[in-house]
Chemist: 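Let me begin by handing over the structure; questions about it come next.
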Amino acid sequence: MKKDSEIRVRMAPSPTGFFHLGSARTALYNWLFARHNQGKFILRVEDTDVQRSSKEMIQTILDGLGWLGLNWDEGPYFQSERLAIYKKYVQQLIDKGYAYYCYCRPEDLAREREAALKNKQSWKYDRRCLNLTPEQKKEKERANHPKAVRFLVPDHPVVFYDLIHKEIKRDFADIEDFIILRQNGIPTYNLACAVDDYEMGITHVIRAVEHITNTPKQILLYEALNFSKPEFAHLPLILGEDRKKLSKRHGAVSLMAYKEKGFIPEAMVNFLALLGWSPGNDKEIMSIKEIIQRFSLKRINPANAIFDIQKLEWMNGQYIYRMSDGELLESLKPFLIKFKFITPAELDKKREWILRVCGAIKKRLKVLADIDKAGRYFFVEDFEYEPRALEKHLHKETIEIVKEFSRIMETITDFDGAHIEESLRGFVKEKNIPARNLIHPLRVFTTGKEGGPGLFLTLELIGKERCLKRIKKIIKNYEEKNG
RNA sequence: GGCCCCAUCGUCUAGCGGUUAGGACAUCACUCUUUCAAGGUGGAGACACGGGUUCGAUUCCCGUUGGGGCCGCCA
């Protein structure tokens, strides 16, 4: 089933919060490592916190991985379904004297801990339950007192080699006898994680540095349980602009929020891959195949990285720009429908036309949702006229010129870019005015904007009737207001 | 308060003892263009500090400072 040399990694998210950029990158690096080494990528949901875990969060994890294309080879396993396995190992630890029952009340300990921290004192469990006399223990048992299980931390330092951070030491005095089994019979993170990583044959534990203080605890469990140890690699964190760990207050909560804004999954993957890792050359836009080929843990930068959305947007724009018109249309469809630019039924009928619109605005989109502002006027009539643009180009003189030219427009039978340009150039030559004096007002009258794709193509795509209607309407409005 | 991790332009990074410290985003010029964008060209912009080691440190070691993380019967 499992080859001895096979690389096996896992993504082990907890469904207590959104699947965000940080989790996504951890997943990506695990996935890249597995794919690079022809290994296995396993999905394991760490839902041992019953109160806070939810179906919704599990769904965001699945959605996020799916959106990024990070397919898994095994799982999803759910820790909540593996309780018997953990209990077996906990019992083993108790039997061998590596763990003991703790009858303390969580509230009492929490109070003590808070008080200590408030006084800037460090606090560690004092093993009071380990030191209970046999009589005291019997009494607790007789009273059916709730009990948790604590791991008895041995008095020798823990040293391990991290693939990114090199050697890491931790003194036993700095590790308290941590709980491995709660009063409710459900194991805690460290126990479940260590047991599962062993049981699932994980060869490389790749996770965020916030777990680096857990690793010595898990190593102690490995040793007590006589498990062979995996390799460890602790990834740097992704920080918000405030240099703090990414969290809800940084706006983009779920990874799926980026999908909704119109980021392309390929761009997201490319960007995330480069946030903390570099291929060693100057290439930034890379296909997933290329990233897999070049990926290595050795080239991960140990320093935390600040998330820069501007670079993500740039990269996304690059991906959009490099798409074919057909690909762009596919990606854009949900947005066109969401913004009510078009009905699903029209999508097919107007396909050729939409493809041309896609080609026209491709260079102008950073995220797909930009179509709302940048391309609205192609699709619907309720677009906005930019005040600045009107101020600049909506005047008596320009109106006269546009009026005159629109009469010529009406006579153009083949209303395409080339013909529009031809008649416009002829018109301005005859009038002896610079082309821009007509081009700019014309654009503003028909699109409400100062910028956009080439005017002649724009007019063609909007179509003769709609162009003339818009021109009439804006002029009428102006004249009503200004006598 | 304790422990741990980290340190090159504003941001992401290359560098693995000798480089005019390279690239990308952002920024600023110029250019192309009917406009905006995209593109092209160029500019400004960094080795946190102090000690060592060395003929020579951005690079190796130590310390300081700064930043981050953890200290839950959360993960």
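Naming convention: chains lettered A, B, ... in sequence-line order (proteins, then strands); numbering from 1 in each chain. Owing to the predicted nature of the structure, the values given are computational and were not obtained by experimental measurement.
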Chemist: For A:Glu210 and B:C3, what is the distance between atoms CD and C1' respectively, to the nearest whole Å?
Modeler: 16 Å
Chemist: Do A:Leu132 and A:Tyr103 make a side-chain contact, defined as non-hydrogen atoms from C-beta onward lying under 4.5 Å apart?
Modeler: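 They are in contact (side-chain heavy atoms under 4.5 Å apart), so the answer is yes.
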Chemist: Taking NZ, NE, NH1 and NH2 as the nitrogens, is one of them in A:Arg388 or A:Glu386 under 4.0 Å from a carboxylate oxygen of the other?
Modeler: no
Chemist: Counting only side-chain N and O atoms of A:Gln318, is one of them less than 4.0 Å from OP1 or OP2 of B:G39?
Modeler: yes
Chemist: Any idea which of B:C6, B:A38, B:A24 is nearest the A:Trp314 side chain?
Modeler: B:A24
Chemist: Is there a side-chain contact between A:Arg52 and the phosphate of B:A75, meaning an N or O under 4.0 Å from OP1 or OP2?
Modeler: no
Chemist: Touch check for A:Pro216, heavy atoms < 4.0 angstrom, all strands: base, sugar-phosphate only, or nothing?
Modeler: nothing
Chemist: Kindly point out which of B:A14, B:G68, B:A7 is positioned nearest to the side chain of A:Lys244?
Modeler: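 Taking heavy atoms from C-beta onward, the closest nucleotide is B:G68.
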Chemist: To the nearest angstrom, how far is A:Gln310 atom CD from B:G10 atom P?
Modeler: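 Atom CD in A:Gln310 sits about 15 Å away from atom P in B:G10.
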Chemist: Please tell me which of the listed nucleotides, B:A14, B:U11, B:A75, lies nearest to the side chain of A:Thr188?
Modeler: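 Nearest to the side chain of A:Thr188 among the choices is B:A75.
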Chemist: Which one, B:G1, B:U35, B:C73, comes nearest to the side chain of A:His440?
Modeler: B:U35
Chemist: What nucleic acid atoms does A:Pro106 come within less than 4.0 Å of, heavy atoms only: base, sugar-phosphate, or nothing?
Modeler: base
Chemist: So, does A:His165 get its side chain near the phosphate of B:C6, meaning an N or O under 4.0 Å from OP1 or OP2?
Modeler: yes
Chemist: Does A:His234 reach a base, just sugar-phosphate, or nothing at all? Heavy atoms under 4.0 Å.
Modeler: nothing
Chemist: Would you say a side-chain N or O of A:Arg243 is under 4.0 Å from OP1 or OP2 of B:U11?
Modeler: yes
Chemist: Could you tell me how far apart A:Leu239 (CG) and B:A7 (P) are, to the nearest whole angstrom?
Modeler: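 Taking CG of A:Leu239 and P of B:A7, I get 14 Å after rounding.
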Chemist: Closer than 4.0 Å, any side-chain N/O of A:Arg299 to the OP1 or OP2 of B:G15?
Modeler: yes
Chemist: Using modelled atom types and a 3.5 Å cut-off, is there a donor and acceptor pairing between side-chain atoms of A:Asn30 and backbone atoms of A:Thr26?
Modeler: yes
Chemist: With respect to the phosphate group of B:C12, does any side-chain polar atom (N or O) of A:Arg25 fall under 4.0 Å of OP1 or OP2?
Modeler: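 Answer is no, no contact under 4.0 Å.
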Chemist: Quick one: is B:U13 close enough that its OP1 or OP2 comes under 4.0 Å of any side-chain N or O from A:Asn301?
Modeler: yes
Chemist: Can any side-chain N or O of A:Lys362 pair as donor or acceptor with the backbone N or O of A:Met323 at less than 3.5 Å?
Modeler: yes
Chemist: Looking at the side chain of A:Ile168, which of B:G68, B:C5, B:U11 is the nearest nucleotide?
Modeler: B:C5
Chemist: If you pin A:Arg150 and A:Lys169 to their nearest nucleotides in RNA chain B, which one's is more 5'?
Modeler: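 That would be A:Lys169.
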Chemist: Of the listed nucleotides (B:C3, B:U34, B:G69), which one gets closest to any side-chain atom of A:Leu237?
Modeler: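 That would be B:G69.
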Chemist: Look at A:Arg10 together with A:Asp197 and state whether they make a salt bridge at an N to O cut-off of under 4.0 Å.
Modeler: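 A:Asp197 and A:Arg10: salt-bridged.
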Chemist: Between B:A38, B:C12, B:A75, which one does the side chain of A:Leu275 approach most closely?
Modeler: B:C12
Chemist: Taking the side chain of A:Lys245 as its heavy atoms from C-beta onward, which of B:G69, B:C73, B:C12 lies nearest to it?
Modeler: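 It is B:G69.
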Chemist: With respect to the side chain of A:Ala303, which nucleotide from B:G2, B:A38, B:C6 is positioned closest?
Modeler: B:C6
Chemist: Side chain of A:Asp282 only, please: which of B:G23, B:G69, B:C6 is the nearest?
Modeler: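 Nucleotide nearest to A:Asp282's side chain: B:G23.
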Chemist: If you compare every side-chain N and O of A:Thr16 against the phosphate oxygens of B:A75 (OP1, OP2), does one of them come in below 4.0 Å?
Modeler: no
Chemist: Do NZ/NE/NH1/NH2 and the carboxylate oxygens of A:Lys373 and A:Glu384 come within less than 4.0 Å?
Modeler: no
Chemist: Please table the atom pairs, donor to acceptor, closer than 3.5 Å between any side-chain atom in residues 428-439 of chain A and protein atoms at least two apart or in another chain.
Modeler:
| residue | atom | partner | partner atom | Å |
| --- | --- | --- | --- | --- |
| A:Lys431 | NZ | A:Glu404 | OE1 | 3.2 |
| A:Lys431 | NZ | A:Glu404 | OE2 | 2.7 |

Chemist: Look at all strands and tell whether A:Tyr189 reaches a base, only sugar-phosphate, or nothing, counting heavy atoms closer than 4.0 Å.
Modeler: base
Chemist: I want to check one thing: is the phosphate of B:U13, taken as OP1 and OP2, less than 4.0 Å away from some side-chain N or O of A:Lys311?
Modeler: no
Chemist: Rounded to whole angstrom units, what separation is found between the CG atom of A:Asp242 and the P atom of B:G69?
Modeler: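 In whole Å, B:G69 P and A:Asp242 CG are 9 Å from each other.
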Chemist: Side chain of A:Asp162, backbone of A:His234: donor and acceptor closer than 3.5 Å?
Modeler: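 Such a contact is found between A:Asp162 side chain and A:His234 backbone.
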Chemist: How far, in whole Å, is B:U58 from B:G22 if one measures between their P atoms?
Modeler: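 The same atom, P, in both gives a distance of 15 Å.
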Chemist: Rounded to the nearest angstrom, tell me the gap between atom NZ in A:Lys120 and atom P in B:G1.
Modeler: 5 Å
Chemist: Given that A:Glu46 and A:Ile212 both sit by RNA chain B, which one's nearest nucleotide is further toward the 5' end?
Modeler: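 Here A:Ile212 is the residue nearer the 5' end.
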Chemist: From CD1 of A:Ile238 over to C1' of B:U11, roughly how many Å is that when rounded to an integer?
Modeler: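 To the nearest whole Å, that distance equals 14 Å.
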Chemist: For B:G69, does OP1 or OP2 lie under 4.0 Å from any side-chain N or O of A:Thr213?
Modeler: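 Answer no for this pair, as no side-chain N or O of A:Thr213 is under 4.0 Å from OP1 or OP2.
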Chemist: Could you tell me how far B:C16 sits from B:U11 if I compare only their C1' atoms? Round to whole Å.
Modeler: 24 Å
